[in-house]
Chemist: 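Here it is, the structure, as structure tokens.
Residue numbering restarts at 1 for every chain, and letters A, B, ... go by the order of the sequence lines.
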Protein chains: 2
Amino acid sequence: MEARHLRYALALAEHAHFGRAAGALGIAQPPLSKQIADLEREVGARLFDRTRRGVFPTAAGTAFLARARRALDEIAAASVDAARAARGETGRLRLGFIASALLEPLPDVLCRFGRERPDVQLELHEMATSCSTSVLVAGDLDVAITLGPPQGVGVERLVSVPIGHDHLIAVVSSSHPYAGQPSVSVEQLRRQPLIVASGEDEPAVITGLRALLGKDSPALSGATVARDVHTIIGLAACGMGVGLGPSRMLSAPRAGTWFCEVAPRTPLPDLVLSFAAQDRSPALNAFLDVIRKNCPDVGVALDHRLGTRGGAHRGGRH
Amino acid sequence: MEARHLRYALALAEHAHFGRAAGALGIAQPPLSKQIADLEREVGARLFDRTRRGVFPTAAGTAFLARARRALDEIAAASVDAARAARGETGRLRLGFIASALLEPLPDVLCRFGRERPDVQLELHEMATSCSTSVLVAGDLDVAITLGPPQGVGVERLVSVPIGHDHLIAVVSSSHPYAGQPSVSVEQLRRQPLIVASGEDEPAVITGLRALLGKDSPALSGATVARDVHTIIGLAACGMGVGLGPSRMLSAPRAGTWFCEVAPRTPLPDLVLSFAAQDRSPALNAFLDVIRKNCPDVGVALDHRLGTRGGAHRGGRH
DNA sequence: TCCCGGCGATATCTCCGGAGTATCGCGGAT
DNA sequence: ATCCGCGATACTCCGGAGATATCGCCGGGA
């Protein structure tokens with residue numbers, strides 16, 4: 001059975017007249033008669049009663065027409081849904097990110113993306129940089145925000161672009177002796193209990209700190225280890241010591257805390273956006289569009305990567 | 001778009017390989033490639049990613065396939081539903097009947113019909129004989145059970161068959177003086193308050209009573225009028241007088257009542273089953289089958305009517 | 001009673017497009 | 001460098017969808 005049979009049956013039911021139904025369908029009457037006859041033979045039941053006063057569905061025809069209507073609706077919806085999905089208006093976007101990304105680029109980006117693409121199902125997975133990378137390569141994430149460029153097997157299949165520079169700053173309770181200072185020195189850091197991020201989760205940060213404080217520094221080995229920046233800020237606010245983290249912490253001001261620079265200024269790995277060079281879903285393209293709009297310089301770098309490292313340009317046209 | 005495109009897309013998604021999908025569909029690979037290409041052009045979006053490792057649906061393809069599956073399910077269900085409706089397994093049966101039919105033929109028939117055709121929606125409309133007839137002719141009932149053959153405009157388009165002979169009996173409270181008697185005479189009836197059916201609802205009964213008791217009999221004109229036999233029995237049980245009704249009342253024995261014959265024996269109009277000679281729905285045919293099984297002699301009369309008065313023999317084959 | 005007109009079915013022809021065959025182009029593997 | 005597997009392309013062919021002409025049936029009207 002073909003969709004044509006359903007359309008013809010519905011038209012016949014609507015016009016109750018072979019000639020007029022055929023006219024509405026843009027065909028002649030004999031083909032319509034034949035198609036309906038074929039349909040009735042295939043179904044094994046008479047679907048229409050041909051009377052002098054008109055053509056009316058039988059009980060079997062009524063049951064058939066109800067299903068036919070739904071079937072044609074589904075077929076029409078299939079095209080519409082596919083087109084919407086192709087434009088990135090529906091679908092799913094699985095985003096992996098380090099916790100500190102929640103401080104600075106994500107609130108803006110997610111808010112805007114949610115507004116522009118309300119029907120895209122966002123899956124947010126907070127995870128360490130190394131984890132993001134492997135999951136991304138395995139195809140279980142669409143895009144990831146990591147600290148420093150991805151490393152490991154399969155990274156050659158990823159496109160990465162830095163989306164923010166960063167350096168180390170300190171955070172203390174506002175009742176802490178250092179509160180009010182514009183900056184703290186390395187000497188001052190060595191004299192205080194420190195709160196740092198876990199080396200396993202974000203090794204790049206700990207490496208930077210080792211370079212700053214000295215390898216095997218007792219201040220560092222005795223430091224409190226937290227799994228993410230929010231915990232670092234929280235612990236610092238409680239007076240547990242001097243928290244050390246990315247300057248992005250400044251965008252999450254919290255009552256009872258004091259942020260200050262660390263001297264000398266210590267750069268941290270860039271925040272990096274990565275995704276598979278191939279198999280970019282329309283939802284991902286929409287996400288990249290939002291990134292482009294949010295920070296034009298990143299957009300330029302993105303276009304450069306996509307232009308040089310292969311992968312079709314922006315989806316949509318075929 | 002045709003159902004063929006949906007079937008091909010689903011097969012391709014299932015086998016993830018043009019050649020094997022084509023083989024499963026019983027066609028060669030190039031036609032499948034072309035049909036998928038046509039489909040993608042019509043939808044306006046690429047539905048499948050052709051990779052070295054296989055053919056996988058894109059986001060648009062995934063959305064499309066979900067709808068396609070449902071559409072094909074509806075199409076398959078359309079045939080099944082139509083065939084079931086044609087066999088009278090589903091559908092609707094609108095039955096008009098006089099209240100007294102609930103006493104005798106209907107309990108058996110409805111019980112059996114409900115067991116044999118559980119998915120047929122039964123609409124039961126209690127109504128007077130004259131009402132049944134006109135509604136039946138108007139096409140708003142499928143079958144009717146009336147007292148005496150239908151009369152009025154359009155009855156020539158109906159098929160009618162008697163389904164039960166009847167005569168007048170009396171019902172009284174078990175504390176009534178007549179309780180215990182095998183029969184009551186006309187004299188005895190004239191000496192007691194009577195309870196009879198409304199002449200407007202069932203004129204045939206009242207006509208029979210007039211013949212028995214005498215036109216303008218004071219006993220009759222002073223009688224209590226009830227709209228249906230159940231009320232007659234109930235009023236008689238309360239000691240309100242002598243109830244008069246069809247012998248079918250005997251099949252609804254009720255504590256505290258006494259039924260007895262009326263002498264002389266007075267026949268009442270037959271209980272008649274009627275339906276439109278043409279446009280018999282499968283559900284109606286199923287109902288007639290139940291009638292045939294329930295009372296073989298009625299079945300024979302039925303077959304005779306359908307055989308002689310036109311109308312195709314039992315539906316089903318085409 | 002006969003004739004006419006409307007409607008659906010049937011017969012026949014045409015032609016489009018779905019399917020088959022052969023081949024190409026492109027990567028990946030040996 | 002060669003081979004092989006896979007999808008795309010080019011062409012050919014034929015079945016069937018559709019057009020035209022006509023028939024059969026029935027109902028209304030003169």
Chemist: Under 4.0 Å between a side-chain N/O of B:R50 and OP1 or OP2 of D:dA8, yes or no?
Modeler: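 Answer is yes, contact under 4.0 Å.
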
Chemist: Compare all side-chain heavy atoms of A:V109 with those of A:F287 and state whether any distance is below 4.5 angstrom.
Modeler: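 Heavy-atom side-chain distance check passes, below 4.5 Å.
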
Chemist: What is the separation between atom CG on A:L32 and atom P on C:dA9, rounded to the nearest whole Å?
Modeler: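 It works out to 9 Å between those atoms.
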
Chemist: Quick one: B:R4 CZ to D:dG15 C1', roughly how many Å, whole number?
Modeler: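 Spelled out: CZ on B:R4 to C1' on D:dG15 is 13 Å.
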
Chemist: Is the closest basic N to carboxylate O distance between B:R70 and B:D73 below 4.0 Å?
Modeler: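 A salt bridge is absent here (no side-chain N lies under 4.0 Å from a carboxylate O).
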
Chemist: Are the side chain of B:T129 and the backbone N or O of B:L147 linked by a donor-acceptor pair below 3.5 Å?
Modeler: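 Indeed, once roles are kept as given, a pair shorter than 3.5 Å links the two residues.
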
Chemist: To the nearest angstrom, how far is B:E2 atom CD from C:dG18 atom P?
Modeler: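 So the CD-P distance, B:E2 to C:dG18, works out to 9 Å.
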
Chemist: When you measure from the side chain of B:S79 to the backbone N and O of B:A76, does any donor-acceptor pair fall under 3.5 Å?
Modeler: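 No.
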
Chemist: Separation of B:D38 atom CG from C:dG18 atom P, in whole Å?
Modeler: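 After rounding, the reported distance stands at 7 Å.
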
Chemist: Do A:R292 and A:D289 meet the salt-bridge criterion of a basic N to acidic O distance under 4.0 Å?
Modeler: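 Answer for the salt bridge query: yes.
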
Chemist: Expressed in angstrom and rounded to an integer, what is the separation of A:Q35 atom CD from D:dG15 atom C1'?
Modeler: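 From A:Q35 CD to D:dG15 C1': 13 Å.
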
Chemist: Would you mind reading off the distance between A:D49 atom CG and C:dG8 atom P, rounded to a whole angstrom?
Modeler: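 In whole Å, C:dG8 P and A:D49 CG are 13 Å from each other.
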
Chemist: Is any side-chain heavy atom of B:H125 closer than 4.5 Å to one of B:L95?
Modeler: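 No, their side chains stay 4.5 Å or more apart.
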
Chemist: Respond yes when some side-chain nitrogen or oxygen of B:S33 is under 4.0 Å from OP1 or OP2 of D:dA8, and no when none is.
Modeler: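 Yes.
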
Chemist: Could you give the CG-to-C1' distance, from B:L39 to C:dG18, as a whole number of Å?
Modeler: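 Distance check: B:L39 CG to C:dG18 C1' gives 15 Å.
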
Chemist: Check the interface with nucleotides 19-25 of chain D: list each N/O to N/O pair with the protein under 3.5 Å, or write none.
Modeler:
from   : atom 1 : to    : atom 2 : distance (Å)
D:dA19 : OP2    : A:A28 : N      : 2.5

Chemist: Within residues 8-22 of chain A, which residues have any heavy atom lying less than 4.0 Å from an atom of DNA chain C?
Modeler: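 DNA chain C contact set from residues 8-22 of chain A: A:H17, A:F18, A:G19.
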
Chemist: Between A:R280 and A:D142, is there a side-chain N and carboxylate O pair less than 4.0 Å apart?
Modeler: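 Result for this pair is no, no salt bridge flagged.
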
Chemist: Does this structure show an ion pair linking A:R7 with B:E2, if we count only N-O contacts that are shorter than 4.0 Å?
Modeler: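 Salt bridge: yes.
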
Chemist: Is it true that, when you exclude B:Q151 itself, more than 12 heavy atoms of the residues, nucleotides or ligands shown sit nearer than 6.0 Å to its CD?
Modeler: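 No, not enclosed.
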
Chemist: In whole angstroms, how far is the C1' atom of D:dG28 from the CZ atom of A:R53?
Modeler: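 The distance from CZ of A:R53 to C1' of D:dG28 comes to 13 Å, rounded to the nearest Å.
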
